[in-house]
There are 2 protein chains.
Amino acid sequence: MNKRSSGQSAHPPIRRQPDTSTANPRRQARGQRRIDQLLDAADTVFAEIGYERATTNAICAQAEVSPGTLYQFFPNKQAIAEALAARYLERLPETHRVAFDVASAHAPLAELISHVVDPFIALHRQGPGLEALWTGSVISDELIACVEGLKQHIEKSLAALFRARCPRANRAEINRAAATSVQIVNAFLHIAVTGAPKQQRDGTKELKTVLFRYLEPILGE
Amino acid sequence: MNKRSSGQSAHPPIRRQPDTSTANPRRQARGQRRIDQLLDAADTVFAEIGYERATTNAICAQAEVSPGTLYQFFPNKQAIAEALAARYLERLPETHRVAFDVASAHAPLAELISHVVDPFIALHRQGPGLEALWTGSVISDELIACVEGLKQHIEKSLAALFRARCPRANRAEINRAAATSVQIVNAFLHIAVTGAPKQQRDGTKELKTVLFRYLEPILGE
DNA sequence: GAGAAATGCGAGCTTTTATTCGTGAATAAG
DNA sequence: CTTATTCACGAATAAAAGCTCGCATTTCTC
């Protein structure tokens with residue numbers, strides 16, 4: 001059954017398993033372009049029907065590429081989702097830096113909220129698939145852990161911002177407020193990112209209203 | 001290829017396709033018990049791994065029943081989810097009746113909130129699978145439409161309650177407040193229903209806090 | 001008790017979908 | 001130009017999952 005058995009005397013034609021790591025030195029520019037193209041396609045397909053219902057063939061079709069090409073760069077379907085998540089992750093620090101700028105800690109509450117919320121909405125608007133990854137990530141344990149860690153991190157940054165604003169406030173209450181705020185933002189993300197432009201604007205505004213009324217008693221005006 | 005071709009002269013052994021409609025007059029008590037058993041199993045499995053990852057075999061195993069038996073009562077996997085949704089739907093009017101009791105319209109706001117929210121949390125605690133259906137229902141267009149209709153209905157009932165409380169409030173604002181409130185409750189459902197009892201209690205309390213602060217400027221104390 | 005219908009079983013059929021393999025063109029290195 | 005490597009293809013493979021079929025058993029009706 002071994003297909004290589006006929007030519008044992010010659011150098012065995014070792015099929016090098018494709019190196020899918022991002023740091024492959026031999027990767028050509030063309031390859032990187034294909035990867036981006038495939039990730040874009042996956043982003044679109046995931047956003048449309050979710051990870052589970054997305055077939056590798058559908059991703060290939062969307063990218064106008066054959067299955068063999070896809071598997072040249074990704075060892076399996078799960079790896080596509082993880083690579084896509086990684087690509088989003090790269091953009092996150094910038095968003096994070098802008099959103100949690102300490103300078104805004106003492107601005108009026110409404111301004112502070114906008115300053116934190118807007119960058120995250122903008123991030124989600126960059127790619128339609130982020131929400132699918134963020135919310136319905138029953139994809140792999142690693143990915144779940146990654147997203148969970150991310151939320152924790154955001155929560156901590158938010159708590160730090162709150163503490164900078166109100167140094168003498170109750171610590172437990174601040175932490176709870178941060179967790180709840182993240183929860184609220186998540187709830188409104190979908191409506192604030194998808195749908196008609198007017199809906200998006202209204203949704204965003206309403207989100208900020210909810211946050212303002214919730215946070216005002218804790219953080220003051 | 002036709003498996004029945006050998007015995008054409010005899011009465012064709014018509015396999016009556018099993019009647020899966022809920023109103024089958026010939027259904028025996030045993031059959032109804034099996035259906036409930038299968039729905040319970042599906043509820044458990046859906047809650048654990050979600051609809052997509054749930055296999056019919058897993059549901060059969062959970063119900064300790066063979067695949068043939070499952071397909072005696074359900075034409076396909078999708079129908080299981082729909083039947084489960086229908087079973088929850090049956091319980092909804094009662095919840096609805098209790099929650100939107102007009103008598104509570106003029107109670108203090110905190111009381112009103114508890115009166116509306118608690119029955120819904122109780123409903124979700126009855127079966128772990130409701131949340132999977134409610135939130136991640138990328139199952140079928142019908143089911144999506146059904147859940148969407150349900151949310152609309154709840155929204156309208158809530159708006160009616162708000163209007164009963166504040167007859168002279170701005171109509172558009174009331175509707176918006178109802179929609180937002182539903183959104184907020186949804187966001188907290190998971191945490192208020194799953195997890196450790198303490199988490200559930202804390203989550204529920206926090207949910208009510210958010211609602212209170214959001215609604216207070218609109219509905220008054 | 002006898003016939004008919006409902007229920008129950010589980011091996012296996014069918015479809016779907018992830019993944020591979022042989023081949024060959026494009027590209028980089030020497 | 002020659003050679004090694006990457007990139008690309010798409011039919012073929014294989015595993016998974018949905019679903020069926022013939023037959024056995026139970027229950028209902030008369």
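Throughout, protein chains are lettered first and strands after them, A, B, ... in sequence-line order, and every chain is numbered starting at 1.
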Review point. To the nearest 0.5 Å, what is the distance between CG (A/Leu133) and CD1 (A/Ile144)?
Key: 11.0 Å
Exercise for review: Hey, could you give me the CG/CZ distance between B/Leu39 and B/Phe74, rounded to the nearest 0.5 Å?
Suggested key: 4.5 Å
Using atom names, set out every protein N or O paired with an N or O of nucleotides 14-17 of chain D below 3.5 Å, distance rounded to 0.1 Å.
none

**Study point:** Set of side chain to side chain contact (heavy atoms under 4.5 Å, CB included) partners for A/Arg201, sequence neighbours left out
**Key:** A/Pro197, A/Lys198
Check: residues 154-162 of chain B side-chain donor-acceptor pairs under 3.5 Å, at least two apart:
residue  : atom : partner  : partner atom : Å
B/Ser157 : OG   : B/His96  : NE2          : 2.9
B/Ser157 : OG   : B/His153 : O            : 3.1

Check your understanding: To the nearest angstrom, how far is B/Ile35 atom CD1 from C/dA6 atom P?
Key -> 13 Å
**Study point:** Pairwise 5' ranking along DNA chain C for A/Ala29 and A/Gly68, keeping only the more 5' one
**Key:** A/Gly68
Point to revise | Atom-to-atom span, CD of B/Gln72 to C1' of D/dC23 - whole angstrom | key: 13 Å
Review point. Can you check the A/Asp36 CG to D/dC7 P distance for me, whole Å?
Key: 13 Å
Point to revise | Counterpart residues, side chain to side chain contact (heavy atoms under 4.5 Å, CB included), relative to B/Ser66 (two or more places apart) | key: B/Thr69
Return a table of donor-acceptor pairs under 3.5 angstrom between the side chains of residues 181-189 of chain A and protein atoms on other chains or two or more places apart.
residue  : atom : partner  : partner atom : Å
A/Ser181 : OG   : A/Ala177 : O            : 2.7
A/Gln183 : NE2  : B/Ala187 : O            : 3.0
A/Asn186 : OD1  : A/Trp134 : NE1          : 2.9

Check your understanding: According to a strict under-4.0 Å criterion, is A/Thr69 in side-chain N/O contact with OP1 or OP2 of D/dC7?
Key -> no
Practice item. Quickly work out the A/Leu38 CG to D/dC7 P distance and round it to whole Å. Key: 12 Å
**Study point:** Those residues that, when tested against A/Gln78, pass side chain to side chain contact (heavy atoms under 4.5 Å, CB included) (two or more places apart)
**Key:** A/Tyr51, A/Asn76, A/Glu82, A/Ile139, A/Ser140, A/Glu142
Practice item. Go through the structure and list residues passing side chain to side chain contact (heavy atoms under 4.5 Å, CB included) with B/Gln37, not counting sequence neighbours. Key: B/Arg34, B/Ala63, B/Val65
Review point. Which is true for A/Gly31 with a 4.0 Å heavy-atom rule: it touches a base, it touches only sugar-phosphate, or it touches nothing?
Key: sugar-phosphate
Check your understanding: Between D/dC21 atom P and B/Leu70 atom CG, what is the distance in whole Å?
Key -> 16 Å
**Study point:** Where at least one partner belongs to residues 50-69 of chain B, residue pairs that pass salt bridge (charged side-chain N to carboxylate O under 4.0 Å, His left out), sequence neighbours excluded
**Key:** A/Glu52-B/Arg53, A/Arg53-B/Glu52
Check your understanding: Side chain of B/Ser104, backbone of B/Phe100: donor and acceptor closer than 3.5 Å?
Key -> no
Point to revise | C/dG8 phosphate, OP1 or OP2, under 4.0 Å from B/Arg34 side-chain N/O | key: yes
Practice item. Can you tell me the distance, in whole Å, between the CD1 atom of B/Ile139 and the C1' atom of D/dG18? Key: 16 Å
Please set out all donor-acceptor pairs under 3.5 angstrom arising from side-chain atoms of residues 84-92 of chain B, sequence neighbours excluded.
residue : atom : partner  : partner atom : Å
B/Arg87 : NH1  : B/Asp40  : OD1          : 3.1
B/Arg87 : NH2  : B/Asp40  : OD1          : 2.9
B/Tyr88 : OH   : B/Asp43  : OD1          : 3.0
B/Tyr88 : OH   : B/Asp43  : OD2          : 3.2
B/Tyr88 : OH   : B/Gly127 : O            : 3.3
B/Arg91 : NH1  : B/Gln126 : OE1          : 2.9

Check your understanding: Using Watson-Crick pairs (N1 to N3, plus N6-O4 or O6-N4) and G-U wobble pairs, both distances under 3.5 Å, which stems of at least 3 pairs involve DNA chain C?
Key -> C:1-30 with D:1-30
Review point. For C/dT20, does OP1 or OP2 lie under 4.0 Å from any side-chain N or O of A/Tyr71?
Key: no
Check your understanding: Whole-Å distance between C/dT7 P and B/Gln32 CD?
Key -> 10 Å
Check your understanding: Could you give all pairs that pass the salt bridge (charged side-chain N to carboxylate O under 4.0 Å, His left out) test and reach residues 69-80 of chain B, with sequence neighbours left out?
Key -> none
Review point. Looking at DNA chain D, which of residues 59-67 of chain A put a heavy atom within less than 4.0 Å of it?
Key: A/Val65, A/Ser66, A/Pro67
Exercise for review: Rounded off to whole Å, could you give me the CZ-to-P distance for the B/Arg30 and D/dC28 pair?
Suggested key: 8 Å
